[in-house]
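By convention in this document, chain letters (A, B, ...) are assigned in the order of the sequence lines, proteins followed by strands, and residues within each chain are numbered from 1.
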Number of protein chains: 2
Amino acid sequence: MAASERNRFVVTPLCLARMTTNADEPQPRPRRRAPAGAAVLREDVTEAIRAAVFEELAAVGYARMSIEGIARRAGVGKTAVYRRWRSKLHLVLDIVSALAVQGLPAPDTGSLEGDLRLLYEVTSRALRHPVASQIIPDLQAEAARNPDIAEAMQKALREGQDGVASRILAAAAERGELSAAVDTDLALDLISGPLYWRSVVIRSPKLPKGYLGALARATAEGLKAL
Amino acid sequence: MAASERNRFVVTPLCLARMTTNADEPQPRPRRRAPAGAAVLREDVTEAIRAAVFEELAAVGYARMSIEGIARRAGVGKTAVYRRWRSKLHLVLDIVSALAVQGLPAPDTGSLEGDLRLLYEVTSRALRHPVASQIIPDLQAEAARNPDIAEAMQKALREGQDGVASRILAAAAERGELSAAVDTDLALDLISGPLYWRSVVIRSPKLPKGYLGALARATAEGLKAL
DNA sequence: TTACGTCGGGACGGGACCGTATCGTCGTAA
DNA sequence: TTACGACGATACGGTCCCGTCCCGACGTAA
């Protein structure tokens with residue numbers, strides 16, 4: 001059936017929306033025996049669980065996250081979770097994989113610096129959400145221990161940030177802005193490293209005016225020197 | 001008494017040595033009622049605990065790490081741990097603070113690119129140890145949740161990588177290689193970001209020949225464009 | 001109309017740690 | 001020589017979570 005696949009693509013963006021908008025509202029959840037379901041997995045329950053996973057992941061991290069905690073936060077029974085996913089790992093893998101599907105549009109301003117500038121704007125806005133900047137380093141650290149998570153993260157990265165950056169590089173090479181012989185991996189590190197370092201490692205709350213522009217200019221110059 | 005302070009500076013490097021050399025040896029630890037102590041904290045026990053914390057931190061991460069697990073791995077009683085540190089947090093904070101003390105020598109090759117090259121060589125060697133590349137992202141993720149850990153990490157960073165990089169920048173500015181008006185924070189991001197991204201986030205097992213040199217050249221050019 | 005299967009709730013035994021306390025052992029500093 | 005206190009070991013009650021099971025309530029699809 002297409003229902004479970006549709007969840008991947010349709011439900012997850014809703015999760016993201018909810019996670020960023022309702023993160024602070026405690027939500028009364030007075031539901032005293034809510035309307036029960038039928039012989040079909042209810043989609044609102046599925047979505048509530050997904051949203052709860054995001055919140056729980058941000059609040060306590062993957063290691064401390066428990067199925068009971070997720071169910072509690074989602075206002076559902078443990079059974080509802082186990083009926084959908086076999087374990088915490090499956091649950092998180094499913095969500096991370098779904099995130100990877102969000103294709104980002106490749107900027108095309110006609111210049112390397114301009115493209116980078118646009119990429120940085122999109123990326124820094126995404127990293128500005130506290131939930132994202134809590135979850136990403138957490139899963140990234142967990143990936144060092146769990147090959148499955150590592151693979152899912154790699155895939156998400158390749159289809160997101162890295163994919164866009166590669167396309168920017170290819171366009172620049174085609175325009176002759178870059179040598180065609182550049183080490184692509186090194187170039188990707190130069191592009192993605194600094195903003196990640198600043199936003200996630202240093203955890204700078206706000207970037208000063210002109211930061212992204214200067215970063216794009218310096219990075220473009222660095223790339224041209226390769 | 002100076003004993004506890006000396007631990008900070010003397011014992012910890014030993015911990016580092018042990019953690020990188022003995023990480024794979026399972027260690028029999030057959031001690032069946034080892035020689036008991038006296039009315040003074042035994043330093044070998046303290047050191048065994050510190051080493052065990054490193055190993056445990058790398059193996060399961062901060063969140064999953066338990067006092068019982070540490071004591072078990074160190075081959076000591078829980079009491080020995082609680083006698084020294086009040087909690088897991090105090091224990092880890094103490095160790096991280098001790099790490100911060102290791103002052104790195106500032107390279108001075110006479111050129112910005114040469115200094116960067118040297119810095120990258122030292123840094124990448126440090127990040128090559130699996131224990132380091134396991135522990136750092138883990139604590140970094142935990143820092144997002146715990147202000148005390150965040151502060152300790154910041155301090156360690158400032159006294160390590162960031163401190164050296166700042167001195168490199170100052171020297172370059174003095175030589176006239178850089179504009180004196182550069183945004184120091186942005187410059188530090190450009191310097192530290194790419195290698196961290198590559199080593200810790202991407203987790204590339206080995207850097208190709210010539211990588212560090214090309215990275216240093218590109219970064220230096222990028223900095224000069226600021 | 002009816003059988004099916006999900007719903008939240010709750011209970012189950014089991015496991016891992018928590019932080020504390022109390023042993024007898026034993027080496028050192030007074 | 002002696003008193004002190006760290007040592008490993010063990011046990012304690014308590015908390016949290018695991019994964020499974022059963023329950024009565026409920027709504028939908030056959």
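- One atom, CD1 of B/Ile49, and another, P of D/dA6, lie 13 Å apart when rounded to the nearest Å.
- Taking atom CD of A/Glu43 as the reference point, atom P of C/dC7 lies 12 Å away to the nearest angstrom.
- Remark: of the listed residues A/Val164, A/Leu215, A/Leu119, A/Asp115, A/Leu119 is the sole one forming a side chain to side chain contact (heavy atoms under 4.5 Å, CB included) with A/Ile191.
- Both B/Arg64 and A/Glu68 sit near DNA chain C, but only A/Glu68 has its closest nucleotide nearer the 5' end.
- For A/Lys78 against C/dG9, a side-chain-to-base donor-acceptor contact under 3.5 Å is absent.
- The side chain of B/Val45 sits closest to D/dG8 out of D/dA6, D/dG8, D/dG19.
- A donor-acceptor pair under 3.5 Å is absent between the side-chain atoms of A/Tyr62 and the main chain of A/Ile135, judged by distance alone.
- Checking side-chain atoms of B/Ser192 against main-chain N and O of B/Asp189 turns up no donor-acceptor pair under 3.5 Å.
- With a 4.5 Å cut-off on side-chain heavy atoms, B/Tyr196 and A/Tyr196 count as touching.
- With C/dG8, C/dC17, D/dA6 as the candidates, the nucleotide lying closest to the side chain of B/Arg72 is C/dC17.
- Residue A/Lys88 contributes atom NZ, which lies 13 Å from atom C1' of D/dC16 at whole-angstrom precision.
- A donor N or O paired with an acceptor N or O is not found under 3.5 Å between the base of D/dA6 and the side-chain atoms of B/Thr79.
- The base of C/dG19 lies outside donor-acceptor range of the side chain of B/Ser87, with no N or O pair under 3.5 Å.
- The OH-C1' distance, from A/Tyr82 to D/dT20, rounds to 9 Å in whole Å.
- A donor-acceptor pair under 3.5 Å links the side-chain atoms of A/Gln140 to the main chain of B/Val200, judged by distance alone.
- Counting only heavy atoms from C-beta on, B/Arg83 has its side chain closest to D/dC7 among C/dG19, C/dG8, D/dC7.
- The distance between atom CG of B/Leu89 and atom P of C/dC18, rounded to the nearest whole Å, is 14 Å.
- Taking atom CG on A/Leu41 and atom P on D/dG27, their separation rounds to 17 Å, with Å as the unit.
- Here D/dG19 presents its C1' atom at 17 Å from CH2 of A/Trp85, a figure rounded to the nearest Å.
- For B/Arg42, no side-chain nitrogen or oxygen approaches OP1 or OP2 of D/dC7 to under 4.0 Å.
- In this structure, B/Arg84 reaches the D/dC7 phosphate: one of its side-chain N or O atoms is under 4.0 Å from OP1 or OP2.
- Atom CD1 of A/Ile67 is separated from atom C1' of D/dT20 by 14 Å (rounded to the nearest Å).
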